[in-house]
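Below is one structure, written out as structure tokens; comments come after it.
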Amino acid sequence: MSQNRFFATALAAQASPALLLDSDASGQRVPVQVLCGWDRPLQYFFLNVETYVPHYPQLEVSVFDNLRHGDGSMTLAEVLATLGRLGITYPEGLEAALQDQQARNAGNESPEWPSVAAQVEVVAPRQATVEPWRLPAPTEAKWSGKSFVPLLGQNVTIHMNSIGAGKVQGYFHLDGWLGVLVNVPNLPEWYCKGQSPKPHPHVYGRELEPYS
């Protein structure tokens with residue numbers, strides 16, 4: 001089969017309502033990796049879309065898998081329509097390449113396409129203590145929140161101590177627990193006191209949810 005891979009962003013509300021941590025962020029986007037192509041043995045197109053969590057593949061979430069829909073078969077029009085529904089922009093030339101792969105009954109091809117994902121400034125991973133950061137993360141890293149792990153570039157709100165809204169810039173783990181580094185543009189003055197440059201809060205899942 002031919003396997004075309006590229007990175008992009010999808011509308012969180014279309015990918016999965018559970019990926020929306022801020023209810024008013026209807027246009028919120030999440031990073032995804034897309035794999036699509038012509039399946040020569042089965043004679044139809046396929047499409048797989050998963051969220052993308054750098055360094056933590058065990059936390060990635062399936063957004064779309066053609067094998068879970070009907071008999072699994074897809075036409076090129078259905079592949080493009082599904083990408084459109086998810087709000088995913090695909091690289092220029094991909095449609096023509098897929099048409100060509102079908103016409104040639106292509107197999108054993110794995111072209112890599114340029115990323116069409118919005119650029120996010122990623123904070124270098126680091127441990128939440130003075131000890132050096134160690135990757136990869138534990139295969140069973142625990143998440144204390146009730147929702148999915150927020151994705152790189154996703155908007156979140158830190159409810160702990162009313163720190164406020166920001167964007168996920170990276171991840172950390174400590175003693176088996178996973179957390180996120182959040183860039184908060186309007187950090188409270190008390191949080192920044194005596195720290196230069198302004199720190200990125202390290203928070204765990206429970207701290208991103210309202211306390212009841």
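Taking both residues in full, the closest heavy atoms of Ser2 and Phe46 are given as O-CE2, 3.3 Å, listed atom of the first, atom of the second, then distance.
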Working for side chain to side chain contact (heavy atoms under 4.5 Å, CB included), residues Gln101 and Leu98: CA-CA 5 Å; Gln101 290 163 13; Leu98 291 171; 3.7 Å; yes
List the steps, then state whether side chain to side chain contact (heavy atoms under 4.5 Å, CB included) holds for Gln33 with Thr51. CA-CA 6 Å; Gln33 50 187 334; Thr51 59; over 6 Å; no
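Listed for the Glu209 side chain is no donor-acceptor partner under 3.5 Å among the backbone atoms of Arg206. At least one donor-acceptor pair under 3.5 Å links the side chain of Asn4 to the backbone N or O of Cys36. Using a distance-only test at 3.5 Å, with no hydrogens or angles considered, no donor-acceptor pair links the side chain of Gln102 to the main chain of Gln99.
Taking 4.5 Å as the limit, every side-chain heavy atom of Phe7 sits out of range of all side-chain heavy atoms of Val32. Contact check for Glu95 versus Leu80: side-chain heavy atoms found under the 4.5 Å cut-off. Using a 4.5 Å heavy-atom threshold, the side chains of Thr157 and Leu208 count as separate. Inter-residue side-chain proximity for Phe6 and Val116 is flagged as met; some heavy-atom pair is nearer than 4.5 Å.
A salt bridge does not link Arg85 with Glu78: none of the charged nitrogens is closer than 4.0 Å to a carboxylate oxygen.
Between the side chains of Asn155 and Lys167, at least one donor N or O sits under 3.5 Å from an acceptor N or O. Residues Asn161 and Glu207 have side chains that never bring a donor and an acceptor to within less than 3.5 angstrom of each other.
Using cut-offs of 30° and 60° on the angle between ring planes, the pair His202 and Phe172 is tilted.
Residue Val49 is tested with Thr82, Val63, Leu35 for a side-chain contact (heavy atoms from CB on, under 4.5 Å); the sole match is Val63.
Atom OG1 in Thr9 sits 11.0 Å away from atom CG in Leu86 (nearest 0.5 Å).
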